[in-house]
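Just below is one structure, and these are the notes that go with it.
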Protein chains: 2
Amino acid sequence: MDQEDIAHVRRFNRSLTRRIGALDESYLGRGRPLGQARLLFEIGPDGCDLKSLRDRIGLDSGYLSRLVGLLVEHGLVDLDSDPEDGRRRRATLTAAGLDEWRAYDELSDGFARSLLAPLDPARRQRLVGAMREVERLVAAASIELDPVSPESTEAKACLASYVGELEGRFENGFDAAKSRPRGPASQPPRLFLIARLEGRAVGCGALYDFDASAGEIKRMWVAPHTRGLGIARRLLDALESEARGAGMKRLLLDTNRSLTEAMTLYEKSGYRRIARYNDNPYADFWYEKMLG
Amino acid sequence: MDQEDIAHVRRFNRSLTRRIGALDESYLGRGRPLGQARLLFEIGPDGCDLKSLRDRIGLDSGYLSRLVGLLVEHGLVDLDSDPEDGRRRRATLTAAGLDEWRAYDELSDGFARSLLAPLDPARRQRLVGAMREVERLVAAASIELDPVSPESTEAKACLASYVGELEGRFENGFDAAKSRPRGPASQPPRLFLIARLEGRAVGCGALYDFDASAGEIKRMWVAPHTRGLGIARRLLDALESEARGAGMKRLLLDTNRSLTEAMTLYEKSGYRRIARYNDNPYADFWYEKMLG
DNA sequence: CCATATATCTGACTTAAGTCAGATAAATAG
DNA sequence: CTATTTATCTGACTTAAGTCAGATATATGG
């Protein structure tokens with residue numbers, strides 16, 4: 001990463017900050033402080049309970065209570081108890097509040113429009129495309145890997161998605177029980193990693209012991225909407241580095257012919273096809289990589 | 001421009017706002033309110049006079065005075081009168097101020113680095129490229145066209161750059177006096193347009209009367225660092241629309257063989273090669289367009 | 001039922017950020 | 001030299017934004 005790349009990112013941040021500040025300014029044009037405006041906008045046409053508002057915008061509970069109070073006072077918001085949990089309170093927009101919400105929505109739309117309008121169609125498409133690219137790659141950069149227990153809710157949720165997907169993709173469906181790694185029955189993995197994007201699990205991968213000097217990679221999965229961000233690559237790298245740290249000399253893995261992206265990844269990462277080394281009924285190809 | 005494009009721009013704004021907010025947070029980590037931190041950072045290693053600070057950040061003069069006062073009090077900034085204009089005051093960083101400036105600079109660098117670091121080199125390049133594209137296109141969208149007097153300082157500055165460039169590009173140099181449009185001596189243009197990017201003139205173009213039913217486009221120029229943003233196209237469109245409004249049926253223009261981008265633009269915009277219609281010694285090609 | 005946790009509210013604060021009306025001193029136009 | 005403009009400063013304000021320590025009422029696990 002050279003200094004010039006960094007300078008570009010900094011310039012980008014600066015120029016965007018200024019521009020986005022302009023959106024805030026336009027919000028102020030409705031004579032309401034930014035905090036209240038944002039809150040009103042976040043409550044939205046469907047309403048919202050205060051707890052989730054607090055989580056989303058990150059406000060002190062006392063402060064939030066007062067801000068909502070002001071909106072109620074101005075006749076923009078109604079506040080009732082949540083029927084399911086008497087401690088919680090739900091905020092919903094009144095008719096006047098909904099009008100205001102629409103006005104803010106219009107401002108945001110108008111702002112976006114003002115970025116696109118002066119451009120010819122070709123440049124417009126390029127801008128939208130570049131924005132999407134920036135967004136995706138910035139998301140990719142904010143992925144975090146965390147070791148978790150394979151028994152944790154998060155791990156189980158990932159595995160369920162993994163199984164669900166294989167069921168759909170494999171010609172004969174998939175039954176997780178038949179694809180256990182060998183060794184002592186239901187041997188736990190040495191490391192189970194979760195990939196998180198803004199706190200939500202969007203991928204997983206596990207490293208198992210195979211024999212005294214080898215490990216096995218299994219349960220590699222990435223949520224469909226986050227593919228192409230290099231998450232699988234990072235999971236694989238992290239698992240390999242753990243394997244090296246544990247003194248393993250060799251890594252094994254198997255895969256199904258329908259998982260073409262996975263096979264591409266393995267081959268790019270230095271895995272080479274070998275003969276069948278297990279009796280996994282879902283495996284079509286077997287790979288190994290010597291750890292240097 | 002469809003609703004989906006707008007939704008993309010809005011999502012982009014939202015996700016970037018959050019991320020850029022994180023940079024502000026990191027600035028706060030040095031125990032100084034954001035206003036002071038930004039001011040210190042803007043003063044920079046070379047110092048700066050208060051007037052230009054005010055223009056750049058847009059602060060109330062009283063407020064700025066007090067903010068700088070605080071920085072002086074904390075031993076971070078020195079304040080002296082400008083030797084050239086006794087009303088102005090120059091702020092310069094003390095040794096301690098410079099250390100602080102470096103710390104903020106490091107934070108910005110670190111922030112940029114944290115966006116790039118988790119990515120593999122290919123994705124890193126894609127991110128930097130996409131950021132540059134967004135920046136350029138957003139700049140393109142914020143270009144504004146203004147009619148000005150051809151005698152104004154801005155117009156003269158543009159024309160000077162235009163002449164300077166032609167001198168360099170034409171095989172036999174360029175003398176503006178020899179390339180006057182025909183008609184009553186030094187006839188003023190019907191419309192002289194300036195293209196502005198963030199207040200600075202980065203391009204120009206003029207529409208002259210040629211005869212009772214035709215106009216002539218001349219003095220089309222775009223600053224080198226802003227080429228590729230579609231500025232010339234927008235200037236040309238605006239001049240044509242003025243010509244239509246004035247009842248002109250036909251537009252003429254001439255150009256030199258070395259101005260290849262210009263020729264491409266004219267041809268894409270519907271201009272067709274015609275025979276020589278004037279005695280401009282620098283012209284190699286002549287074009288016309290019928291206004292529909 | 002009890003202890004504890006959770007969601008919200010209230011009161012009493014602090015601080016940042018900014019506005020506005022002059023005052024002051026230096027530059028500039030005539 | 002005088003009137004006006006310009007750049008900055010000072011004093012007196014306002015408002016937004018946020019923090020913190022309880023108080024209160026409701027859920028939840030045992």
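Here the structure is a predicted model, which means the values were calculated and not measured.
Nearest nucleotide to the side chain of A:Lys51, out of D:dC9, C:dA7, D:dA7: C:dA7. Here the nucleotide nearest the side chain of B:Arg88, chosen from D:dA7, C:dA7, D:dC9, is D:dA7.
Inter-residue side-chain proximity for B:Phe111 and A:Ile6 is flagged as unmet; no heavy-atom pair is nearer than 4.5 Å.
There is no side-chain donor-acceptor pair under 3.5 Å between B:Ser108 and B:Asp105. In the model, B:Tyr104 has a side-chain atom that pairs as donor or acceptor with a side-chain atom of B:Arg32 under 3.5 Å.
Map B:Asp49 and A:Leu67 each onto its nearest nucleotide of DNA chain D; the residue landing nearer the 5' end is B:Asp49.
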**Request:** Evaluate the salt bridge (Lys or Arg N to Asp or Glu O under 4.0 Å) criterion for residues B:Glu144 and B:Arg200: first the C-alpha distance (whole Å), next the side-chain angles of each, then the deciding distance (0.1 Å), finally the verdict.
**Result:** CA-CA 10 Å; B:Glu144 285 171 0; B:Arg200 304 164 70 98; over 6 Å; no

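In this structure, A:Leu53 places its CG atom 20 Å from P of C:dT6, rounding to the nearest Å.
As judged by a 4.0 angstrom heavy-atom cut-off over every strand, A:Leu70 is placed among residues making no nucleic acid contact. Heavy atoms of B:Leu64 sit nowhere under 4.0 angstrom from any nucleic acid atom.
A salt bridge between B:Asp82 and B:Arg89 is absent, with no side-chain N of the basic residue lying under 4.0 Å from a carboxylate O of the acidic one.
Residues A:Phe12 and A:Val134 come closest through the heavy atom pair CZ-CG1, 4.1 Å.
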Each nucleotide N or O in nucleotides 20-26 of chain C that has a protein N or O under 3.5 Å away: list the pair and distance.
{"unit_1": "C:dA26", "atom_1": "O3'", "unit_2": "B:Gly86", "atom_2": "N", "d": "3.2"}

